[in-house]
Trainee: 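Sending over a structure as structure tokens; questions will come in a sec.
Numbers restart at 1 for each chain; the letters A, B, ... are given by sequence-line order, proteins then strands. These numbers come from the heavy atoms of this one structure, side chains and all, not from hydrogens, waters or symmetry mates.
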Protein chains: 2
Amino acid sequence: MIEEVARKLGYRSSAIARALRTQRSRSIGVLVADITNPIFPQIVKGIDEVLSAEGHTIFLCNTDENPKRQYALASSLIDRNVDGLILVSQNLQSDEFNKLLEDGPPCIYVNRRPPNPHHDYVGSDNRQAIELLVDHLVGLGHRRIGFVTGSSNSSTASERRHHFQQELEKRGIPVDERYMFQGDYTAEGGRRAFAQMIERGIDLTAVMASNDFSALGFIDAAQNHGLSIPEDISVTGFDDTAGVNNFMTYPLPIKGVTTIFQSKRELGTLAGQMMLRRLDGSVSPQEPRQAIVPVALRIRDTTGPAKAGPSMGSVATG
Amino acid sequence: MIEEVARKLGYRSSAIARALRTQRSRSIGVLVADITNPIFPQIVKGIDEVLSAEGHTIFLCNTDENPKRQYALASSLIDRNVDGLILVSQNLQSDEFNKLLEDGPPCIYVNRRPPNPHHDYVGSDNRQAIELLVDHLVGLGHRRIGFVTGSSNSSTASERRHHFQQELEKRGIPVDERYMFQGDYTAEGGRRAFAQMIERGIDLTAVMASNDFSALGFIDAAQNHGLSIPEDISVTGFDDTAGVNNFMTYPLPIKGVTTIFQSKRELGTLAGQMMLRRLDGSVSPQEPRQAIVPVALRIRDTTGPAKAGPSMGSVATG
DNA sequence: CTGTTAGCGCGTTCAA
DNA sequence: TTGAACGCGCTAACAG
């Protein structure tokens with residue numbers, strides 16, 4: 001009866017008073033490195049799907065790859081008593097930041113490795129991914145293969161780079177430092193990589209980029225330079241960004257990039273489920289969990305057989 | 001002195017206790033219709049830029065175009081004492097939802113119109129945009145122009161549709177209902193529109209789509225059907241999504257879409273500034289503010305002169 | 001500058 | 001079922 005009257009009067013119980021009293025807010029903070037990179041919203045949707053079904057509200061914050069913002073936002077969320085924190089592709093961090101999380105609520109890392117063994121991690125199988133790509137290219141006859149790395153402060157970038165070198169060694173292909181180009185997951189980084197390749201005067205038959213945007217930037221620069229893809233040089237991406245959704249941007253004169261598909265949504269749902277388990281205490285705090293999601297190779301139109309000779313207007317082989 | 005000790009002990013003051021006491025949380029809730037559509041993150045960045053500089057924390061929530069989620073999330077944010085609410089492209093709403101906002105904190109609508117005159121609004125100049133597009137196409141000799149609308153529950157969609165018809169009438173071009181196709185801002189919607197055009201057996205020389213994704217979907221379908229763009233049919237987009245960021249997805253065999261550029265970031269910063277003014281009470285609550293942001297035409301490669309005769313394999317003229 | 005006190009709106013407990 | 005009292009951690013107001 002009283003409840004009815006209350007409702008008529010438009011009464012709403014205060015979530016913050018309840019949170020203050022119970023020390024639980026039924027909210028989860030999600031920190032994302034760059035909200036304009038389409039793979040992250042997709043991961044967030046997966047997280048949201050799992051957690052909002054259980055009555056948790058997600059607060060999404062964009063750190064813009066900025067360590068200061070990262071610290072400030074994590075602080076703010078912790079001070080607002082979020083019950084948990086999910087860090088999607090956050091930068092490797094200062095001791096100060098790690099200390100903050102140490103005393104904080106349960107924390108799950110997605111996509112980039114946690115610095116702290118107490119925290120959970122979910123990510124794609126980068127080793128398998130690189131193996132698939134190298135297999136594909138080597139099978140096409142490529143030996144001089146370049147690599148465009150991701151941002152230097154990303155654990156994913158160093159992982160992929162590491163596995164790339166390992167896969168080459170496994171096959172007895174010498175690793176040449178001049179074949180490595182520093183990228184940053186943007187198209188511009190891919191263009192710079194192409195410019196460096198020209199500058200260094202090296203002759204590659206294939207290049208693996210750390211994500212699709214780098215690959216597209218590289219392709220764009222190569223085409224502007226008069227090269228044909230994949231006839232002159234094969235290029236691979238990573239993420240399968242095109243499959244993310246119904247949206248598509250920045251058309252280029254190619255049909256599709258050979259790339260690695262990773263299930264962004266599954267990364268999110270797994271992270272959400274891990275969080276639920278941390279929240280209900282059904283797993284010991286000292287027992288870190290890891291989930292590694294398998295990936296798949298998507299062969300499209302940017303990879304082909306390696307050319308026998310030099311690929312860029314040098315002397316023709318006899 | 002005491003402060004130092006407190007810091008050493010890792011003391012953090014509780015934002016929720018403060019919020020309970022002061023009735024101000026220094027946080028702003030932002031509801032977004034679809035976080036995977038790249039125009040929204042860009043708007044959010046603009047909002048964030050302004051508000052976080054003033055010490056406000058932004059909580060971003062994704063409503064997924066779902067009215068139930070929209071209501072639940074707005075409720076949750078209000079119950080958590082957000083100081084303000086920014087609704088980006090929210091669906092036209094139930095009375096229940098409007099009632100909720102009525103008693104809630106200051107509220108600013110972005111991109112889609114508020115149902116309630118007490119609320120502020122910031123959006124692009126859709127009239128000017130449509131005028132620019134129609135001018136461009138008519139100047140190229142087009143008279144039979146189709147239109148792919150946006151989602152039916154979007155005020156932006158109906159505005160654009162309305163202005164389109166007005167611009168045609170202004171120029172004495174008859175408005176034909178068969179030239180209107182129901183879209184939904186996705187590439188798939190654009191493809192369906194093309195299929196409908198074929199089904200209806202009508203012969204258009206140009207089609208205006210309500211956003212870039214619809215345009216790209218339409219173009220894709222047209223090309224698969226053997227048509228050339230813009231030789232057989234001109235197509236325009238809306239938003240200039242390609243200019244959004246460094247990222248690009250889903251390459252198509254065209255270089256760039258003729259479209260309307262709207263400054264997503266500026267929509268965001270304006271919304272942020274409006275919110276600041278509401279928060280410091282420097283504007284009377286009864287005085288709704290509106291900001292209409294000018295747009296610009298970006299002529300690229302998907303529009304060209306109208307063909308004299310039928311565009312699709314009918315009898316040749318003359 | 002420091003100490004004391006009251007109360008924000010809840011959930012919890014104990015009493016009726 | 002209902003009521004009264006207490007405290008979550010903070011701010012504001014006032015006292016020393």
Trainee: What stem regions, each of at least 3 consecutive Watson-Crick or G-U pairs below 3.5 Å, can be found for DNA chain C?
Mentor: C:3-16 with D:1-14

Trainee: For a quick test of reading the model, state the closest non-hydrogen atom pair linking A/Gly272 to A/Leu51 and the distance between them.
Mentor: O-CD2, 3.6 Å

Trainee: To the nearest Å, how far apart are A/Ile78 CD1 and D/dG9 P?
Mentor: 16 Å

Trainee: Quick one about A/Thr156 and A/Arg160 (side-chain donor to acceptor, distance below 3.5 Å, no hydrogens or angles considered), yes or no?
Mentor: no

Trainee: Only one of A/Val88, A/Ile28, A/Thr269 forms a side-chain contact (heavy atoms from CB on, under 4.5 Å) with A/Ile47, so which one is it?
Mentor: A/Val88

Trainee: Output, in order, the C-alpha distance, side-chain angles, deciding distance and verdict of salt bridge (Lys or Arg N to Asp or Glu O under 4.0 Å) for B/Asp64 and A/Lys45.
Mentor: CA-CA 9 Å; B/Asp64 245 344; A/Lys45 275 201 177 183; 3.0 Å; yes

Trainee: Quiz question: by atom type and distance under 3.5 Å, do the side chains of B/Gln90 and B/Thr63 form a donor-acceptor pair?
Mentor: yes

Trainee: Working note: A/Ile35 + B/Leu60, criterion side chain to side chain contact (heavy atoms under 4.5 Å, CB included); need CA distance, chi angles, decisive distance, verdict.
Mentor: CA-CA 11 Å; A/Ile35 201 181; B/Leu60 182 59; 3.2 Å; yes

Trainee: Please list, for nucleotides 8-11 of chain C, all pairs of protein and nucleotide N/O atoms separated by less than 3.5 Å.
Mentor:
residue: C/dC8; atom: O3'; partner: B/Gln23; partner atom: NE2; Å: 3.3
residue: C/dC10; atom: OP1; partner: A/Tyr11; partner atom: OH; Å: 2.7
residue: C/dC10; atom: OP1; partner: A/Ser14; partner atom: N; Å: 3.1
residue: C/dC10; atom: OP2; partner: A/Tyr11; partner atom: OH; Å: 3.2
residue: C/dC10; atom: O5'; partner: A/Ser14; partner atom: N; Å: 3.2
residue: C/dG11; atom: OP1; partner: A/Arg18; partner atom: NH1; Å: 3.1
residue: C/dG11; atom: N2; partner: A/Arg21; partner atom: NH1; Å: 2.8
residue: C/dG11; atom: N3; partner: A/Arg21; partner atom: NH1; Å: 3.2

Trainee: Is a side-chain donor-acceptor pair under 3.5 Å present for B/Thr186 with B/Asp184?
Mentor: yes

Trainee: Donor-acceptor pairs under 3.5 Å, side chain of residues 96-109 of chain A to any protein atom, not counting sequence neighbours: which ones?
Mentor:
residue: A/Asn98; atom: ND2; partner: A/Ser94; partner atom: O; Å: 3.3
residue: A/Glu102; atom: OE1; partner: A/Asn116; partner atom: ND2; Å: 2.6

